[in-house]
Amino acid sequence: MSNRQTASGVTVAVAKGRILDDARRRLEAAGWVWPLGEESRQLWVGPDDTHPGIIIARAKDVATLVARGIADLGIVGLDVMRENPDAEVLEVADLEFAQCRVVLAGRSPAWPDGPCQIATKYQRIARQFFQEREHPISIVPMSGSLELAPLIGLAPYIVDIVDTGRTLREHGLVEVTTILHSSARLIANPSHWRTKSEVVAFRESLRSAAS
Ligand code: ATP
Ligand code: PRP
């Protein structure tokens with residue numbers, strides 16, 4: 001099936017932020033037009049022969065849109081999927097961009113000595129990680145600037161994303177251990193995946209553009 005035949009039936013929800021630029025590049029590498037301008041504030045555009053429909057959404061909402069069939073496919077980080085696992089979606093490809101790790105970090109690389117406080121926006125991932133190790137913790141919810149927490153005495157440890165390690169270093173923090181390796185995933189609505197051949201063909205176009 002050629003690209004021109006496949007685009008018209010497919011809508012893709014893409015997470016805002018870092019994922020968006022790489023997703024645009026991958027679509028273009030696969031031969032699709034990216035239908036939103038660089039500075040555009042537009043959040044939705046319908047499909048045509050040259051591109052799929054695109055919905056730009058908050059990362060947490062991408063799986064909801066896909067589970068409800070508003071979008072056939074979604075592009076979102078594995079970290080977000082693991083933190084918000086309730087939506088019924090299929091993971092159909094590892095797109096291999098937005099690579100990063102969710103780590104436990106603190107002022108020293110030592111494992112926490114006894115019960116401790118963890119500042120994080122990954123509350124579920126952190127709770128599950130420590131529960132599996134039967135280590136008591138309490139969560140201090142924070143939605144950004146996590147690296148501040150140990151410096152200002154809010155919590156001695158954080159669970160956050162690391163890529164180059166620069167942000168940790170600049171705040172005098174070190175990794176204790178990696179909890180999760182993450183990258184952008186292509187997710188699909190289960191029923192559309194089974195019944196719409198153009199959705200599967202679209203996945204193939206993105207996969208072959210990676211090599
Ligand atoms: P939101 O505000 O909607 O929660 P966010 O601001 O956390 O999103 P981004 O920082 O743009 O989102 O990150 C989007 C995704 O990119 C993350 O879910 C993760 O998978 C990945 N990511 C985050 N930080 C990095 C990084 N430094 N290097 C590589 N990938 C990253
Ligand atoms: C992410 C993450 C770290 C940083 C890690 O923050 O929360 O702070 O990247 O990357 P590094 O290891 O390469 O330094 P981001 O810049 O996305 O800001 P935000 O979390 O406040 O959105």
Side-chain angles (χ1 to χ4, degrees), residues 12-27 34 36 38-44 54-67 70-71 73-87 89 91-109 117-129 139-152 154-188 206 210:
V12 186
V14 185
K16 272 184 180 176
R18 274 171 204 270
I19 296 265
L20 186 57
D21 277 349
D22 282 330
R24 172 175 57 76
R25 277 191 281 275
R26 178 64 67 83
L27 257 74
W34 180 256
L36 300 166
E38 200 112 316
E39 301 295 321
S40 168
R41 305 288 299 163
Q42 205 180 339
L43 299 175
W44 177 78
I54 301 283
I55 297 173
I56 310 293
R58 284 298 291 272
K60 279 197 290 199
D61 300 331
V62 166
T64 307
L65 297 178
V66 173
I70 309 295
L73 293 163
I75 300 179
V76 64
L78 180 66
D79 54 330
V80 175
M81 296 297 297
R82 290 284 184 270
E83 184 61 22
N84 306 279
D86 295 333
V89 295
E91 190 188 310
V92 295
D94 181 353
L95 297 174
E96 294 178 359
F97 56 75
Q99 296 205 5
C100 57
R101 291 174 297 125
V102 178
V103 306
L104 173 67
R107 283 176 183 275
S108 102
Q117 296 202 311
I118 312 274
T120 189
K121 70 174 180 183
Y122 294 100
Q123 297 189 38
R124 181 188 285 260
I125 290 172
R127 274 213 179 85
Q128 188 181 344
F129 176 77
I139 297 280
V140 180
M142 257 185 113
S143 48
S145 303
L146 266 303
E147 291 82 1
L148 276 178
L151 308 186
I152 59 178
L154 188 62
Y157 290 91
I158 64 173
V159 167
D160 194 19
I161 291 285
V162 169
D163 176 24
T164 62
R166 182 176 164 190
T167 315
L168 286 183
R169 271 195 305 281
E170 290 191 359
H171 292 86
L173 301 176
V174 289
E175 291 177 32
V176 177
T177 189
T178 296
I179 299 178
L180 175 73
H181 289 267
S182 179
S183 57
R185 302 299 159 106
L186 187 67
I187 57 171
L206 291 191

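No hydrogens, no waters, no symmetry mates; every other heavy atom, side chains included, goes into these values. In listed order, ligands and their atoms are each counted from 1.
No heavy atom of Lys60 sits closer than 4.0 Å to any atom of ligand 1. The closest approach between Glu147 and ligand 2 falls below 4.0 Å for a heavy atom of the residue.
The protein non-hydrogen atom at the shortest distance from atom 20 (O) of ligand 2 is Lys121 NZ, 4.5 Å. Protein heavy atom in closest approach to atom 2 (C) of ligand 2: Ile161 O, 3.6 Å. Annotation: atom 14 (O) of ligand 2 to nearest protein heavy atom, Thr167 OG1, 2.4 Å. Of all protein heavy atoms, the one lying nearest to atom 5 (P) of ligand 1 is Lys121 NZ, 3.9 Å. Considering only non-hydrogen protein atoms, atom 21 (O) of ligand 2 sits nearest to Ser145 N, 4.4 Å. At the shortest separation from atom 13 (O) of ligand 2 among protein heavy atoms lies Thr164 OG1, 2.6 Å. At the top of the distance list for atom 16 (O) of ligand 2, counting protein heavy atoms only, stands Arg18 NH2, 2.7 Å.
At a heavy-atom cutoff of 4.0 Å, ligand 2 is contacted by the side chain of Asp160 but not by its backbone.
Residues Gln128 and Arg82 form no side-chain contact, since every pair of their non-hydrogen atoms from C-beta on lies 4.5 Å or further apart.
Among Arg101, Arg18, Arg166, Glu83, the residue whose heavy atom sits closest to atom 11 (O) of ligand 1 is Arg18.
Checking Arg169 against Thr167 by side-chain atom types alone, no donor-acceptor pair falls below 3.5 Å.
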